[in-house]
K.L.:
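Mind having a look at this structure? Questions to follow.
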Amino acid sequence: MKVYLESFGCSASQASAEIMKASVERLGYELLGPEAADQAEVYICNSCTVKYTTEQKILYKIRSMGEKNVEVIVSGCMPEVQLEDILHANPEAHILGVNAISRLGELLSSIEQRKKEFLPGGEHLEFRASEPVGFLNVPHERSNPNIHICQISQGCNFACSYCIVKYARGKLHSFSPDEIVEDISSAVAEGCREIWLTSQDDSQYGMDTGVRLPELLRMISEIPGDFKVRVGMMNPFSVLPILDDLVDAFDSDKVFKLLHLPIQSASHSVLKRMNRLHKMDVVDTIITKFRARFEDLSLFTDIIVGFCDETDNEFKETVEWVQKYRPEKVNISRYSPRPHTKAFSFRNLDSRILVQRSHELHKVCEQIKIGSKQAMIGWKGRAFVSKYTEIGDILTRTDAYRPVVIRGSNLKPGQYANVEIVAAKPGYFLGKLIEDRPVSEIEEIQ
């Protein structure tokens, strides 16, 4: 059978997609690229339900593919919380539970058997698992051969009032640290030089088992080989109890100095309505401690604009926070009410207000980004060679994860080089080598 897989959502979803793609090929089916999607006999939609616009796009896709007599499989978060919507769009859509990616082969075999026996369609199949299975130490069909996405846990122990993911992925289930180390070791042996640690909240890791994120990072840092680790999103309220230990763990040469700390809003009254279990003085403490240890730190954050009943003054607090802390990247989302969540029953703002506030915050963030990028021109230091670009240039990253493209070089992923930033582009920097040869990890940068 010819199979086309399309994935939506976060890096954890992307990791699941890479595992499922490898499973499709290992079972002998033909995995199609986007350019050949119209030839598919089976369409796998690895879904996301965080935003209404994404949900509607997915429902359209599974409906239209079904109308073309393509067998449709829906995996990811939506089957856990919006099964009725899926089956309304396509009553014959098959379901692969969010914990059951290891059962994709069973589902495909069942579909293939039906097709061989010319059995009539109409009855959809469902394959689920009560606990997450098959996320570690399995083959990946990686979108980039140099980057390995390692999911370290599934689920969340908190309940933000706007978030549907908690209902889709369940309570926190941290994966074994030994299995995580084995998974990453294998990826490094296969040539991966950048490791992404992903989950619904990385700093919750181990709350249910006892081995917390700092200890896991130390274990990963001891893995032999030339590679770098990017730690994913961490919520302030789950960072605070492990803060000092976490800062120490980030001091490893193998960990990028990137702090992804979603605040969602800088207004305490909005945070209370969101059921976010932190106050902004906690955020200040975390950022201050990280910046005190790591002078060259990248700060990412996530912000929801237009949450229920957000006033102009509450929004202004968030804008002023961004102007004060100047994060390198801000993921801005317009509030989108999601079913099953507490906030679904709250009063929503006029959509025009959301658009206006989103545009205003985007403008502020762009001004900050331009200033920060210009300030980096002339920077000299060590960069890690991450991967090749699509046109054959080399993408390096500073210790703070800033992307610097080097043209006309024979460097290889996993090496280090001394670089100078010479220009700033919208999504990256252009750099040049200060010296012709790469430097090793142990060479001291002058």
K.L.:
Enumerate the salt bridge (Lys or Arg N to Asp or Glu O under 4.0 Å) contacts for residues 261-288, please, sequence neighbours excluded, ordered by first and then second residue.
P.N.:
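Non-adjacent pairs meeting salt bridge (Lys or Arg N to Asp or Glu O under 4.0 Å): R273-E314.
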
K.L.:
Check the side chains of Q82 and T49 for a donor-acceptor pair under 3.5 angstrom, ignoring hydrogens and angles.
P.N.:
yes

K.L.:
May I ask you to decide if the ring planes of F307 and Y162 are parallel, tilted or perpendicular, using 30° and 60° as cut-offs?
P.N.:
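Perpendicular.
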
K.L.:
Sequence neighbours left out, what passes salt bridge (charged side-chain N to carboxylate O under 4.0 Å, His left out) with E366? Give chain and number order.
P.N.:
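Applying salt bridge (charged side-chain N to carboxylate O under 4.0 Å, His left out) to E366 gives K369.
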
K.L.:
Would you please test E310 and S267 for side-chain hydrogen bond (donor to acceptor under 3.5 Å, both in side chains) and show each step?
P.N.:
CA-CA 9 Å; E310 181 185 63; S267 163; over 6 Å; no

K.L.:
Can a donor-acceptor pair be found, under 3.5 Å and without considering hydrogens, that links the side chain of S47 to the backbone of M78?
P.N.:
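Indeed, once roles are kept as given, a pair shorter than 3.5 Å links the two residues.
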
K.L.:
Does atom NZ of K373 have more than 12 heavy-atom neighbours, drawn from other residues, nucleotides or ligands, at distances under 6.0 Å?
P.N.:
yes

K.L.:
Tell me yes or no: between the side chains of D183 and H148, is some donor less than 3.5 Å from an acceptor?
P.N.:
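Judged by distance alone, the side chains do pair up.
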
K.L.:
Please enumerate all residues that pass side-chain hydrogen bond (donor to acceptor under 3.5 Å, both in side chains) together with H260, with sequence neighbours excluded.
P.N.:
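With neighbours one apart ignored, the set is D302.
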
K.L.:
With sequence neighbours left out, write down each residue that passes ring-ring contact (aromatic ring centres under 6.0 Å, His included) with Y325, or none if nothing qualifies.
P.N.:
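ring-ring contact (aromatic ring centres under 6.0 Å, His included) check on Y325 returns W321.
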
K.L.:
For residues 165-173, run the donor-acceptor check on the side chains, cut-off 3.5 Å, and write out each pair with its distance to 0.1 Å, sequence neighbours left out.
P.N.:
from : atom 1 : to   : atom 2 : distance (Å)
K166 : NZ     : F158 : O      : 3.1
R169 : NH1    : Q154 : OE1    : 2.8

K.L.:
For residues 28-37, which residue pairs pass the side chain to side chain donor-acceptor pair (under 3.5 Å) check, not counting sequence neighbours?
P.N.:
Y29-E112

K.L.:
By salt bridge (charged side-chain N to carboxylate O under 4.0 Å, His left out), which residues pair with R334, not counting sequence neighbours?
P.N.:
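By the salt bridge (charged side-chain N to carboxylate O under 4.0 Å, His left out) rule, R334 matches no residue at all.
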
K.L.:
Will you find, in the side chains of S298 and E328, an N or O donor that is under 3.5 Å from an N or O acceptor?
P.N.:
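Checked: S298/E328 side chains show no N/O donor-acceptor pair below 3.5 Å.
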
K.L.:
Taking it one step at a time, do F294 and D251 satisfy side chain to side chain contact (heavy atoms under 4.5 Å, CB included)?
P.N.:
CA-CA 8 Å; F294 311 113; D251 215 358; 3.4 Å; yes

K.L.:
Applying ring-ring contact (aromatic ring centres under 6.0 Å, His included), name anything that partners F8, two or more places apart in sequence or on another chain.
P.N.:
none

K.L.:
Hey, could you give me each pair passing salt bridge (Lys or Arg N to Asp or Glu O under 4.0 Å) that has a residue in residues 135-148? Not counting sequence neighbours.
P.N.:
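Listed once each, the pairs are R142-E190.
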
K.L.:
Taking G225's backbone N and O only, do any of them form a donor-acceptor pair with K254's side chain (distance below 3.5 Å, no angle check)?
P.N.:
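Judged by distance alone, yes, a pair lies under 3.5 Å.
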
K.L.:
Not counting sequence neighbours, which residues clear ring-ring contact (aromatic ring centres under 6.0 Å, His included) with F429? List them please.
P.N.:
none

K.L.:
Please tabulate, one pair per line, all N/O donor-acceptor pairs under 3.5 Å involving side-chain atoms of residues 211-221, not counting sequence neighbours.
P.N.:
from : atom 1 : to   : atom 2 : distance (Å)
R212 : NE     : Y205 : O      : 3.0
R212 : NH2    : S203 : O      : 2.8
E215 : OE1    : R218 : NE     : 3.4
R218 : NH1    : D245 : OD1    : 3.1
R218 : NH2    : D245 : OD1    : 3.1
R218 : NH2    : D245 : OD2    : 3.2
S221 : OG     : L217 : O      : 2.9
S221 : OG     : S252 : OG     : 2.9

K.L.:
R103: which residues meet the salt bridge (charged side-chain N to carboxylate O under 4.0 Å, His left out) condition with it, sequence neighbours left out?
P.N.:
E106

